[in-house]
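Structure first, commentary second.
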Amino acid sequence: MHPNSIEKSYEPRHVEQRWYAFWENEKLFSAAEKNERPGYSIVIPPPNVTGVLHMGHALNNTLQDILCRYRRLCGDNVLWMPGTDHAGIATQNVVEKKLAAEGKTRHEVGREAFIDAVWKWREEYGNAIINQLKRLGASCDWDRERFTMDEGLSRAVRKVFVELYRQGLIYRGLYIINWCHRCFTALADLEVEHEEHQGNLYHIRYPYSGKDGGIVVATTRPETMLGDTAVAVHPDDERYADLEADSVVLPLMDRIIPIIRDPYVDTSFGTGGLKVTPAHDPNDFEIGSRHNLPAVKVIGDDGRMTEEAGPFAGMDRLACRQAVLKALEEQGLLVRVEPHSHAVGHCYRCGEVVEPNLSRQWFVRTKPLAEKAIAAVREGETRIIPENWSKTYYDWMENIRDWCISRQIWWGHQIPAWTCQACGELTVSEETPQRCEHCGAQELVQETDVLDTWFSSALWPFSTMGWPDRTPLLQTFYPTSCLVTGFDILFFWVARMMMMGIHFMGEVPFRDVYVHALVRDEDGKKMSKSTGNVIDPLTVIEAYGTDSFRFTLAAFAAQGRDIKMSEKRVEGYRHFINKLWNAARFSFMHMGEDAPEAPRQGLSLPDRWILTRLSAINAEVAAALDDYRFNEAAGTLYQFVWHEFCDWYLEAVKPDLYGKLGEERKQTSRSVLWHTLHDILVLLHPFVPFVTEELWHHLPGTQGSIMQAAFPKPEQARSAGINRREAEDAMALVVSVVTAVRTIRGEMNVNPSVALTIRLQTSDEETGAVLRRHGDRISHLARLDSLTVEPPGPRPRSAAVSVVEGVTVLVLLEGVIDFDREIQRLQKEIGKIDQELSGVQRKLANEGFLRKAPEKVVDGVRLRQENLAEKREKLNANLERIQAMDAV
RNA sequence: GGGCGGAUAGCUCAGUUGGGAGAGCAUCGGCCUUACAAGCCGAGGGUCACAGGUUCAAGCCCUGUUCCGCCUACCA
C-alpha cells in the first residue's frame, strides 16, 4: 500500500483517540513553568464534579482550546489550567440521594463518614467529565489538574477567610437570608432564581385595639402574619394622619402590635397599610431594625411552623397558609382576595421555593472589594468582550450587596472559626487553634457551616497556581491572558474572581474576559433535562466526529448571539471535514516522499493566485482569532478551503499535476500544492485538531505533531515576491469567463461532456493579452475545444453571448442553439441591467450627490454606469441580431 | 420597575468606522468530468419588523412603536 493512499472518506473514530493519546504521551499540552517564550494562560471554568458534559461545556471548552492551540502554534508558552469544582450543594445532593436509595440519611451516617462517602463517590465518578473533555480534544495541562477541595486550594481558602475576617471584610450576624428547606441551607441572593408566579393578594383587616375599625393590609404570604410585630403606614399618608389608635390586635394571635410610620411604605399600594414581619421579609427586617421591633420567627428551618405560631405550630408552611386563611375568613377578617402575579424565589439547586428567613450567617462585606473591581474594568486593566457586557458588570457591581457565604451543609470547606465554650467569643485561624484568643480557654468548638462553593472558585486563577506560595507558575502566568465563560456565571464567578484577585494578588486575574453565548436547541429554547430537548455532545461526537462538532460550534459562535444547535448543522460541517480530507487525499496522490522547496519561480497564474489568497486568509484568520471572532475565522477558512482551494485551485492545476504541461510545471504546482495544504492544515488545526493531525502525518516531509508547527507569520507570507494585484485581477478575469461559459451551458442545457467553442472579443489590448496567455487554463476549466481572442467584430451565427469585465463571450452553439431560449435569456439579463442602470443614473442625476459625495465614490458610480451601459449595448446588439434572424 | 439583545432569502444566521444586499442549508435544473454523489456545474428567491428623522446617500446613525428572548430587582 502506498504510504499516501488513505481511505476514501474520513472516519473520525479511527483516529481521534489515537491522536489524543499521542499528544498526552508526548506532553504536548504541558506548560513550562518558566521559559523565554511569551506566556499565555487560561484557567478553565471548573465544571462540577457531579456534572456530565453538556453543550455549554462543549462550546466553552472548544473556544478555549481554539485559543490555546492557536497561541501554541504562534510560539507562546501556553498554560491551560484544568480542574473541577466540588460543587457543595449539588454534590451533597447527589450523594444524599444515593444514601436515600439505601434507606439512609446523612444524619444517620454522621458527618465524617458522609464526607468520606462523598470522596469515594468522587473517586468513582468524578472523572467522567474530565474524560469527556478529552474526547472534545481539550489540550489542558492535565498534570496540573486541580480540585477545589485539594489541600493546596483549601489552604488558600482558609488564608483568604482569615485575612478577610481580620480586615473586617468578613463578619457574622443575624440577618434575613434565603433559606432552602429542601437543601437545608442558606443561599446567597444570586442563588435564588425568581419566577413569575400567579398567586393571590390577600387583604386582611387588623382591628384597632380597643376601638372600632382597623387597618387593612395586603400580603401574598398570609402565614407570615403570625410573626407580625407591627403595622406600618407612610408618615405622610393623609388617610392615617389623624389616627387615634396607635396599635392593632394581630388576628389569630391576639397580640397587640404597634402602628408605626415609615417612609418605606408605598402609599399607592393597596390601602397603604403594611404588615411588618421582621423575621421573614428582608424589607420588614430593615423596618424592624429602624423601629426596634422584635423579630418573631414563625417558620422554622425545616419548613414547619414554630412554637411561636401558637395554634399553628408544627404545621407545614403551605398547609398553614390554608389554615390561616380559613381562620381569618371565619372571623370575617379576610376582606378581599385578588389574583396577583409576583416573583417567587426558587432554589437554583433543587427548585424548592425559598423563604426569606432570619438566621445567623457569615457574610463578606463586598462594597470595598467591588469598588476596585469596577475600577479595573473602567481603566481597561481587564477587558470584557463583547464590550456591552461591561455595563451589566458595572450595574451589578455598583449595586452589590453583602454576600452570604455560609452554608449549612457538610461537603465543602469548613469555616475556620471556633467558638469558645467559656467566653463565647470567636477565634478565627488558619490552623486549628489550641486555645481561645480572648480568654485562653481550651474548650473550642469549630463552626459546623461550610463555605459557599463560589468562595473557593473565586480564588481559582491564583489558588490553582500555588498561592499563597509565590510560585514560578504565578510569576509566569498571573494575570491570566483570557477567561472564556458564559454570561450566566458573570456574577457568580467572574465578578468574584475579580474582587478576590485584585484584593489578594494586587492585580486583576485576567486581561480579557470573553463572554460567549448560550447553546440552545434548534427552536431557540434553553436546553433542559425537564424539557427533554437536550442534545448530548457525546452523542454528536459519536455520530459526526469531534472535529465536525467543534467546527460547528466555532462557526456559530458569533459574538452576542445564542447558538441554536441541531444535528443537521453538524452534519453539514462533517461534509466540510470530508471535503478537506479528500482534497488532501487528492493532493497526496501528486506528492513525492519529501517536502518540496518553497517555489519562487515559474509560478503559474493559479499558483500565484492561491499563494496570494493564502497569505490574505492567513492574516484574516489571525486577526479574527486575536479579536475573538471565532465564527469569522471559521467561516473564512471554510470559504477558502472549499470554494477557492478546492473549487478553483485544484481544478485549475490538474493539467499541471498530471504532467500535461511538462515536468517543470508539474514540479512547481506540486510544490505550491504542498505548501498551501501545509498552511491550510496549520490554520485549521486549532478548530479541527484531529483530522489535521491525521493529515499532517500523511503530508510528506513533516515531523512530529502538527501541534509543533508554526502558525504562518505575515512577514513570511507565501505571496512574497508575487504581484498580488496582477494575480488577483488575472484570475478574476479567468474565473469570470469560465463562469460565463458555464452559465450559458447550464441555461442552454448543454451537456457538460460536450466540448465547446468560444470566441472572446475585447478592444482592450491588455485584457486580450491576459486572455491569450491563460487561454489553455480557461479551456480546461470551461471544457472547450477551441478558444480564440479577437477584437470586437462580426458575430458568428448561432452563438449564445455573455459580457463579463468588458469581454464579450461568444459560445458557438451551431445546431444546438435554441433561439427562443437565447432571446429569453438575453431579455432577462438586459432587464436586470436596466434596473441596476436606472439606480445608478438616478444617483448621477442628483446634484447633491455629485457635489457632496467623495470623489472616489462618484468616480466609482460613473465607472459602473459606463460598464453597465457598455454591457447592455453589447447584449442588446446580439439580441436584435438574433431576433432579426429568427424572423427570417 | 431597570437593563441588555434580537427582528435581513423558505430555515439558521453573517453583514467592523453610512456608499453596488451575502453565506450555509433547503428548493429547481443539469452532471457517475479518474479527490470527494458527504460530490460537481448552474439557477431562482429579500419593502433588511413598522413609522418618522438626520444625510447627497441608511440594513448600518437618531427618535418612537410592535413582537420575541434574556438578565436584574426588597412593592407587600
Side-chain angles (χ1 to χ4, degrees), chain A residues 6 8-10 176 189-190 194 201-202 217-221 224 232 264-266 268-270 273-277 281-286 340 342-343 356 386 388-389 391-392 395-396 399 401 487-488 490-491 517-518 520 522 524-526 548 555-556 558 560-564 566 568-569 571-590 627 629 631-632 635 638-639 642-643 646-647 650-651 654 658 738-739 742-747 749-753 782-783 836 839-840 843 846-854 856-858 860-861 864 868:
Chain A
I6 61 177
K8 198 170 168 180
S9 58
Y10 175 59
I176 289 277
D189 297 333
L190 264 182
H194 294 277
L201 192 59
Y202 303 93
V217 299
T219 180
T220 54
R221 295 186 301 151
T224 62
Y264 168 77
V265 181
D266 179 357
S268 65
F269 192 93
L274 172 73
K275 64 190 269 310
V276 181
T277 324
D281 184 281
N283 296 308
D284 294 6
F285 179 78
E286 296 286 320
H340 181 75
H342 61 124
N388 48 307
W389 282 110
K391 192 173 164 48
T392 310
D395 283 352
W396 190 75
N399 299 303
R401 285 178 298 159
F487 57 75
D488 48 335
L490 193 60
F491 307 140
L518 241 56
R520 299 172 176 280
E522 54 186 318
K525 285 202 280 277
K526 203 168 176 172
S548 309
F556 282 96
R561 191 157 201 147
D562 287 346
I563 297 178
K564 292 180 191 165
S566 80
K568 216 165 159 220
R569 307 243 158 90
E571 191 182 350
Y573 286 101
R574 182 181 59 170
H575 295 174
F576 173 67
I577 304 294
N578 194 53
K579 186 74 180 175
L580 171 71
W581 178 265
N582 274 290
R585 189 164 79 98
F586 172 76
S587 303
F588 297 150
M589 291 174 185
H590 297 282
D627 287 345
R629 288 175 285 130
N631 62 318
E632 288 183 35
Y638 181 98
Q639 169 69 24
W642 199 317
H643 298 301
C646 291
D647 287 354
L650 290 183
E651 292 305 327
K654 274 181 179 173
Y658 282 113
V738 170
T739 303
R742 285 173 176 173
T743 302
I744 287 172
R745 201 190 270 278
E747 292 184 343
N749 247 332
V750 178
N751 194 296
S753 58
R783 282 218 161 213
E836 225 181 310
V840 171
K843 268 192 177 176
N846 184 341
E847 208 184 308
F849 175 71
L850 296 176
R851 208 173 54 239
K852 294 188 179 172
K856 229 173 117 181
V857 174
V858 177
V861 175
R864 251 177 71 218
L868 285 168

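First the proteins, then the strands, lettered A, B, ... as listed; each starts at 1.
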- Query: Does a distance-only test, which skips hydrogens and angles, find a donor-acceptor pair under 3.5 Å between the side chain of A:Glu651 and the base of B:A35?
  - Reply: yes
- Message: With a 4.0 Å limit, can you tell me whether A:Lys856 has a side-chain N or O closer than that to the phosphate oxygens OP1/OP2 of B:G20?
- Response: no
- Item | Any A:His575 side-chain N or O less than 4.0 Å from OP1/OP2 of B:C36 | no
- Query: When you measure from the centre of the six-membered ring of A:Tyr638, is the NZ or CZ of A:Lys579 under 6.0 Å away and within 45° of the axis?
  - Reply: no
- Message: Starting the side chain at C-beta, find the nucleotide from B:A43, B:C56, B:A35 nearest to A:Thr743.
- Response: B:A43
- Task: Assign A:Glu632 to base, sugar-phosphate, or nothing according to its heavy-atom contacts below 4.0 angstrom with the strands shown.
- Result: base
- Message: Categorize A:Lys391 for me: base, sugar-phosphate, or nothing, with a 4.0 angstrom heavy-atom threshold over every strand shown.
- Response: sugar-phosphate
- Between B:C25 and B:C40, how far is it from one P atom to the other, in whole Å? 9 Å
Every protein N/O within reach of nucleotides 27-33 of chain B N/O, cut-off under 3.5 Å:
none

- At under 4.0 Å, does any side-chain N or O of A:Arg574 touch on OP1 or OP2 of B:A38? no
- Message: Does B:A35 have its OP1 or OP2 closer than 4.0 Å to a side-chain nitrogen or oxygen of A:Tyr658?
- Response: yes
- Pick the C1' atom in B:C28 and in B:C70, then give their distance to the nearest Å. 40 Å
- Message: Which nucleotide wins on minimum distance to the side chain of A:Asp647, given the candidates B:C40, B:G24, B:A38?
- Response: B:C40
- Query: What nucleotide, of B:C56, B:G20, B:C36, holds the atom closest to the side chain of A:Arg864?
  - Reply: B:G20
- Item | Nucleotide-resolved protein contact map, nucleotides 70-76 of chain B, B/S/- at heavy-atom distance under 4.0 Å | SSS-BBB
- Which nucleotide, B:A35, B:C41, B:C56, lies nearest any side-chain atom of A:Lys579? B:A35
- Under a 3.5 Å cutoff on both atom distances, Watson-Crick or G-U, what's the dot-bracket for RNA chain B ([ ] crossing, | other strand)? (((((((..((((.....[..)))).(((((.......))))).....(((((..]....))))))))))))....
